[in-house]
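Take a look at the structure set out below.
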Amino acid sequence: MNTNNSPSAHVHRDDEAQKMGMWFFLFTELLLFGGLFLVYSIYRFKNPDAFAHGAKELNVVLGAINTIVLLTSSLTAALSITAIQKGQKKLALGLVLFTIFCALIFLVNKYFEWGHKFEIGIYPGSDLLRAIPRGEALFFVLYYFMTGLHAIHVIVGAIILGFMARYIQTGLINSDYYVLLENGALYWHLVDLIWIFLFPLLYLIH
Amino acid sequence: MEAKASTFVQGVDTAFIVILGISLFFLITITAAMIYFVIRYNRKKNPKPKDVKDNTRLEILWTAIPTILVLLMFWYGWIGYTPMRRIPAGALTIKATGRMWSWNFEYENGKQSEYLVVPVGKPVKLELYSPDVLHSLYIPAFRIKEDVVPGVNNVMWFQSDKPGEYDILCAEYCGLRHAYMLSKVIVKPVEEYIQWYHATVDSNSMADVEPIGLQVLKKNACISCHSLDGSKIVGPSFKGLWGSERDVIDENGKRVKVNADENYIQTSIYEPNQQVVEGFNKGLMISYKEAITDEELRQIIEYLKTLK
Amino acid sequence: MEEHKSHIIDYLTQIKVWVALVIFTLITVATAEVDFAMLTVAVALTIASVKSILVLLYFMHLKFESRILNLFVIVVMLVFLAMIVFTFFDYIFRLSHGS
Amino acid sequence: MGENVQHLSFLQDNGGKKGILAWITTTDHKRIGLLYFYSLTVFFLMGVVLGILMRLELMNPGKDLVEPQTYNSLFTLHGVIMIFLFVIPGIPAVFGNIALPLLLGARDVAFPKLNLLSWYLYILGALMALSTLLFGNAPDTGWTFYAPYSVRTGTNVTMAVLAAFILGFSSILTGLNFIVTIHRMRAPGMTWFRMPLFSWALYATAWIQLLATPVVGITLLMIAVERMLGIGLFDPSLGGDPILYQHLFWIYSHPAVYIMILPGMGVISEMIPVFARRRIFGYKAIAYSSLAIAFIGYFVWGHHMFTSGMSGPARVIFSLLTFLVAVPSAIKVFNWVATLYGGSIDLKPPLLYALGFIFLFLIGGLTGLVNGALAADVHIHDTYFVVGHFHYVMFGGTGFAFFAALHYWFPKVYGKMYNVKHATRAFWVLFTGFNILYFPMLVVGMMGMPRRYYDYLPQFHIPNLISTFGSWIVVSGLIYMIVVLIQGYRKGTPAGKNPWGGLTLDWQTDSPPITENFVELPIVTEGPYEYK
Ligand code: HEA
Ligand code: HEA
Ligand code: CUA
Ligand SMILES: [Cu+2]
C-alpha cells in the first residue's frame, strides 16, 4: 500500500457527515416512539372498545388546532433554510423565531388540555383511573406517556431552535454554512412527524 | 431418566439427539481441521503460503448444506412439539395455581392438593393460574414446561404412562424463594387415583393433626412470606402480631398507628395494599379476597391468637 | 468527499405542501366522524402516512438527498413495520383462538 | 514514511493539558478507547467477583455463603454488569475506537466530541448501576427485568433500569459515530470492498445499535415510570400485559446478542489472515454474512418466549427464523477455517485466542441451535443449559475475541511486546478452566436444573461442584493473563511498527500511533489482506 505524498489533507468540514449523523439520530428517535406505538397498537387491539371510549374524552378541536400549529411551524422551519440559503438573514431569523413561537403555542394548548383532564380527575395514579375499566385506564396512561414524551421533544426542539436563532444572529450560520440550521430543522420536523401519527391514533380513532 | 415418563419424552429426546448429533459432527470435524492445519501448515514447515483463490461453488455448498441441516433440525423440533399443543378432548382438567412460592392443584370436585396427583395413562390438562407474578411449571421428567402468567390463561397437558413420583420445579424467576417453589407429580394407578380423588382427607399430608387455622395458612402459602417464629422473611412474622400496635403507612402515604384487631387482619388479607406495614413493601402481597372465605378468615384469626 | 451544495427549494413549493398538509388534516378530522367500521383505522393511518411522506420529501428535503439516505429511511420503516407484524403474529392468533 | 521525529505518540501528546485532565477531556479516538478499556476492566472484574461468589454459593446444596436475597441480587448485578457494561460496549467501544480510524486511514472518528460524550454517559450509567450495590437494596429481578415482578419488588429496580437506559444511549452514540465514520472517512481509494472486515462487522453492529436500542430504552423507561407513578403499563392487575413486556425486551435484547458477537467475529477475521499469511478466504461472504446476521437477527426474538404462552404460529415462525440466522454464522466459521488451509501459520497468542474463540463459539452456537428447536427448548428453557449456552457465546465468544484483540493490538497501542511464552500458557489455563466451569452447566441443565436457583435438589450436586472448581481455574488464568500484560506494559521490549506482519493500515503507522494517526493520509490501492 502506498502513502499519499500530496500535502496532508486538512481536517476539513464535512457537512454531509453532519447531516447523515442527524438522520441516524432521527432513526433512533423514530424507534423510541416506535416502541410506544407498538405498545399502543397491541393494547388497542386487546381493548378496542375501551380505547374508543377513552378517545372520545379527548378534545378533537384542541388536537386539530395543535396539529395545524405544528404543521405551520414545520413550514416556517423549512422556509428558514431557503431563506438562509438565499442569504436573507433577517427573514431566516424571523422564521426561526416564529417556529419557536408556534412551539410555545403548542405547549400552552397542551397545558390547558392536560389541566382540564387533571381537573376532572384523569391523571396517572388518580382515583378515577383506578376506578374505571382497565382498558380505559391503559388508554389514558398511554395518552399521558405518549403526549408527555412528545411534549419533552417539543421543548428540546424549541431550545435547539433557540440556539439556531442565536447562531443566525451571530453569523455562525450563514448562506455558506447552514448545516446546523438544517439539522435543527430536521429535528423539529421529526417532532411534527410523530405528532402526525399521535393525533389520529389518540384523538380520532373511535 | 429411563423409560417414558410422559408421552412427549420420545419426541423431545429425538430432537435432542438429532441436533446434538449433527452438532457433534461439526464440532469434531471443524476442530480437527483447525488442529490439522495449524500443525501441517505451521510456519516452520510451510514458510511460503499457497495462494488460494476464492471459490464460489464452495461458498454455495457450505451455505446450502447447513441450510438443509437446520431445516431438518427445525422439523424435528416442530414435530416433537406439536403434540404438546394438541390437547385431547376429555382430558382430566386440573386448575394449577402458582403463587409466591408454592403450588396448589384444584380438582373438578373442589379437592385441593399441594401435590399433583394424576392417574396413569390418562391425559391431564392443567389450567395455569397465577395471582401475583410469573412462574413456570416445569416437570423435567415429562419434558414440559409452561409459564404461569397472571392475567393470561395458559394451559398445558401431559399423559404419563409410568407410575411414580416426579419433581415439579418453578422455572421462571419469581423472587426470594423461587428455588424452593417445588412440588411433585404423583402418578398413580387408576384405581388408587380414584380412591384418592374421592377421599375427603388428603392422605399425602398430615394435615389433620395441625390446627385448622394453620392448615389454611399453609394451603394459601402464607407461611412462605410470614414466619411463625418471629423471623422476618418477606412479610412481617405472625408471631406476636395479634393485638399488637402496628406502624402502618396508609394510602395517602401517612404514618399511622393501628391496633391489630380482627378488622385490621381482615383488611390486611383482603386489601393488603391499603395499610402497609412500615419497613415492608407494597404490592408483594396480593388480595386474598377470592381465595379465603369468611370462615377461613375466622380460623386464621383464631390461630393467630395462639401465636404469642 | 464531494463538496456538494444543497438544492434550494423555493418558498412557493413549500407553502403548497403546507396547504396540502392542512387540507389532509381537515379531511382526517372530518372522516373520523364517519364510521367506516374496520376501515376507520386504515383511513386515518393512510392519511397520516401520506402527510408524513410529504413532510419527509419536502420539508426534510429527502427528495433532494442521496439515494442511499432514501434507502436508509425505507429500511428503517420496514424494520419497524416488521417488528409490529411479528408481534401481532402472537396476538392475533392468541386472541382469536380463545384462551 | 520519512522523518516523523517531531510527531508525539498519542500516549505522550497531552495537547497542552496536564495529567488526568489531558485524558478526560481528550477527543482522540485512541485515548477514548483506552478510557473505555480501563473503566470497562474495572467493571468487568467486579462482575467476575460476583460470578465467583455465585459459584461458591452453588458449590453445595443448601446455604454455603450468602442469603437468598443476596444471591438474587448477585446474579442480577452480575448479568447487568456483564451485559450492559462489558460485552455490549466491549469490543466496539474499546477496539472499535482504537482501531477503526486506523484501519480506515482516517485521522479520527467523524464526531470526536460526541465520542467523548458517549464515554461520559457510559460512566454515568455505570455509576448509577453500581450505586445500587454500594447503597444496598440492589435489584433482584435478573437482568431481564421481567414484569410484573420488576414492578412489585421493593428493591432499587428504578435506578438499575434508568442506568440501562443511559447506557443504551451511550451505545447508540457510539454506533452512530461509527456508521458516519465508515461512510464518510475512508481513505482515498478505500472502496467498500477494500475495507478490513472488522469495519464491516462494526458497520453491521452499528445498525443494530441504532435501531434496536431505542426500543429497550422506551420499555425500561416505562418500567421506571410504572414504578414511580404506580400506573399500570405491564402489570396485569392494572390491565397491562406481561408478555408484551417480554416482546419489547427481546426485540432489543436478541439483536443485542449480535451487537456482542459481530465485533468479535470481525476481530477474528482480522487475525486469521495475518497469522496465516494468506488472503482471507471468501471476503465478500464474510462481509455480507455480517449484514445478514444483523438483519435476520431482528426477527427471531420470540425464541426467548417459547414457553411464555405466545401463540402457536408465532412460536413456529420464530423457531424457523432462529435456525436461519445460524447459517451466516456457519459461513463465517467455514471461511475462517478455509483461510488456515495452505497458509503459513504462526501460532502467536492472538491467533491462539482466535482459534479458542472458534471452538468455544462453536459449542455456544450449536447449543443455541438446541435452544432454537421448539421441542428441545420447552425442556431446557430457563435451565442451566441456557446459562451454559450464553456463557459459551458471550464469554467464550465475545470474551475470547476481546482477549484476542487485546493481545493483537497491545503492541500497537503501547509500543511494547508482552512475554509471548507466558501469554500462551495463560491462554491454556483460561481455556481449560473455561470448559470445566461451563460444560457441566450444559449437563445439569439437561437434567432439569432451573436457572436463578439459590439452592438445588441433591441430584444436581456433582456437576455444580465441578463447575465451581472450574471457576477457580478460570480466575487463576485471568490473573495470570493480566500479570503478563502488565509486565509487558512495564518492561516489554519495543514492538516496532508491525510485529505481526499485518497489511492493514493500522500496522503502517508508528507504535504507538501519533495523535493524528498518519503523517500523510494513505492512498489505498488494493484489498486489506493481499499477501503475495
Ligand atoms: C453473544 C451472544 C449470543 C450469541 C452469538 C447467541 C447465538 C445464538 N443463540 Fe443465544 N442467547 C444469548 C446470547 C447469545 N446467543 C443469551 C445471553 C441468552 C439468554 C438470555 C437470558 O435469558 O438471560 C441466549 C438464549 C438463547 C435462546 C433462548 C433459550 C431459552 O431461554 O430458552 C435461544 C433459542 O433459540 C438462543 C439461540 C441462539 C442461536 C440459534 C444462536 C446462533 O446465532 C448461533 C449460530 C452459530 C452456530 C450455529 C455455530 C457455527 C456453525 C457451524 C460451525 C456450522 C454448523 C452448523 C449448522 C449445521 C448450521 N439463544
Ligand atoms: C460476558 C458475560 C459474562 C461473563 C464473562 C460471565 C462470567 C461468569 N459467570 Fe455469568 N452470567 C452472565 C454473563 C456473564 N457471566 C449473564 C448475562 C447471566 C444471567 C444473569 C441473569 O440470570 O439475569 C449470568 C449468569 C450466571 C450464572 C447463573 C446464575 C443463576 O442463574 O442462578 C452463573 C452461575 O454460576 C454465572 C457464573 C459466572 C462465573 C463464575 C463467571 C466468571 O466469573 C468466570 C470467570 C471469568 C473470568 C475470570 C474473566 C474472563 C475475562 C474476560 C472475559 C475479559 C477481561 C479482560 C481484562 C481483565 C483485560 N453467571
Ligand atoms: Cu415461582 Cu419461580
Ligand atoms: Cu436470542
Side-chain angles (χ1 to χ4, degrees), chain B residues 11-12 15-16 19-20 23 26-27 30-31 33-34 37-38 41-43 46-50 52 54 59 62-63 66-67 70-71 73-74 76-78 80-81 84-85 133-134 136 138 140 143-147 149-152 154 167 169 171-179 281 283-284, chain D residues 68-69 72 142 146 148-149 152-154 236 242-243 276-278 281-282 285 307-309 312 316 319-320 323-324 326-327 330-331 333-334 337 340-347 355 358-359 362-363 366 369-370 373-376 378-379 381-383 447-448 450 452-457 531:
Chain B
V12 173
F16 268 110
I19 300 173
L20 288 176
S23 298
F26 276 98
L27 181 64
I30 293 175
T31 311
M34 284 196 304
F37 289 158
V38 167
Y41 300 109
N42 198 283
R43 189 158 299 167
N46 196 34
K48 280 211 97 49
K50 286 189 200 155
V52 186
D54 282 5
E59 298 288 350
W62 66 41
T63 308
T67 308
V70 290
L71 289 178
M73 296 176 183
F74 165 71
Y76 275 98
W78 192 15
Y81 158 82
M84 299 184 191
R85 291 284 98 195
V133 299
L134 300 174
S136 190
Y138 179 29
R143 309 286 189 274
I144 49 163
K145 172 186 298 128
E146 184 81 12
D147 288 5
V149 184
V152 179
N154 281 348
D167 291 319
L169 307 126
E172 183 64 65
Y173 177 70
C174 53
L176 189 70
R177 294 178 58 79
H178 164 59
N281 261 297
L284 282 173
Chain D
Q69 184 64 36
N72 294 346
Y146 270 13
Y149 186 73
R152 305 240 178 115
T153 173
I243 297 182
R277 281 288 183 282
R278 255 206 49 194
F281 195 83
T307 69
S308 67
V316 175
S319 170
L320 182 62
F323 279 106
L324 292 182
V327 176
I331 295 174
V333 172
F334 293 135
V337 176
L340 293 175
Y341 168 78
S344 171
I345 299 170
D346 190 7
L347 200 59
L355 299 183
I358 296 180
F359 178 79
L362 269 175
I363 299 187
L366 295 166
L369 296 176
V370 182
L374 284 170
V378 168
H379 178 50
H381 169 69
D382 262 336
T383 66
M447 289 165 66
R452 296 171 175 170
Y453 259 30
Y454 164 72
D455 195 358
Y456 49 82
L457 296 170
Y531 289 93

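Keep in mind it's a predicted model, so treat the numbers as computed, not measured. Convention: sequence-line order gives letters A, B, ...; per-chain numbering from 1.
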What residue, out of [options], has the most heavy-atom pairs lying under 4.5 Å from chain D?
options	answer
Arg85(B), Glu172(B), Lys48(B)	Glu172(B)
Leu169(B), Thr31(B), Ile144(B)	Leu169(B)
Ser23(B), Gly80(B), Ser136(B), Ala33(B)	Ser23(B)
Pro47(B), Gly11(B), Gly151(B)	Pro47(B)

Exercise. With a 3.5 Å cut-off and no angle check, do the side chains of Thr307(D) and Asp147(B) form a donor-acceptor pair?
Worked result: yes
Exercise. Do Tyr138(B) and His381(D) meet the criterion of a side-chain donor-acceptor pair at a distance under 3.5 Å?
Worked result: no
For this session: Please flag which part of Pro68(D) lies under 4.5 Å from any non-hydrogen atom of chain B: side chain, backbone, both or neither.
Result: both
Problem set entry | Part of Leu347(D) within contact of chain B (heavy atom distance under 4.5 Å) | side chain
For this session: Provide the closest heavy-atom pair for Pro49(B) versus Arg278(D) in the form atom of the first, atom of the second, distance.
Result: CB-CG, 3.9 Å
Problem set entry | Derivation and outcome, side chain to side chain contact (heavy atoms under 4.5 Å, CB included), residues Thr63(B) and Ile331(D) | CA-CA 6 Å; Thr63(B) 308; Ile331(D) 295 174; 3.5 Å; yes
Side chain / backbone / both / neither for [X] at chain D, heavy atoms under 4.5 Å:
X	result
Glu59(B)	side chain
Val12(B)	both
Asn46(B)	both
Val152(B)	side chain

Exercise. Okay, side chain of Lys50(B), backbone of Gly342(D): is any donor-acceptor separation there less than 3.5 Å?
Worked result: no
Leading residue by heavy atom contact count with chain B [cutoff under 4.5 Å; candidates [options]]:
options	result
Val316(D), Thr383(D), Val333(D)	Val316(D)
Leu362(D), Asp455(D), Ile358(D)	Asp455(D)
Pro450(D), Ala373(D), Ala276(D)	Pro450(D)
Gly282(D), Gly312(D), Ala326(D)	Gly282(D)

Would you call [X] and [Y] a side-chain contact if the rule is heavy atoms closer than 4.5 Å?
X	Y	value
Ser319(D)	Trp78(B)	no
Thr67(B)	Phe323(D)	no
Tyr454(D)	Leu176(B)	no
Tyr149(D)	His178(B)	no
Arg43(B)	Asp346(D)	yes
Val370(D)	Leu20(B)	yes

If you measure from [atom1] on [X] to [atom2] on [Y], what distance do you get to the nearest 0.5 Å?
X	Y	atom1	atom2	value
Leu134(B)	Ser308(D)	CG	OG	9.0 Å
Leu369(D)	Ile19(B)	CG	CD1	7.0 Å
Phe74(B)	Leu320(D)	CZ	CG	4.5 Å
Met84(B)	Leu374(D)	CE	CG	9.0 Å

Exercise. Is the Tyr146(D) to Tyr173(B) ring centre distance short of 6.0 Å?
Worked result: no
For this session: Assign the ring pair Phe334(D) / Phe26(B) to parallel, tilted or perpendicular, where the plane angle (0 to 90°) is split at 30° and 60°.
Result: tilted
Exercise. Around atom OH of Tyr76(B), are there more than 12 heavy atoms of other residues, nucleotides or ligands at under 6.0 Å?
Worked result: no
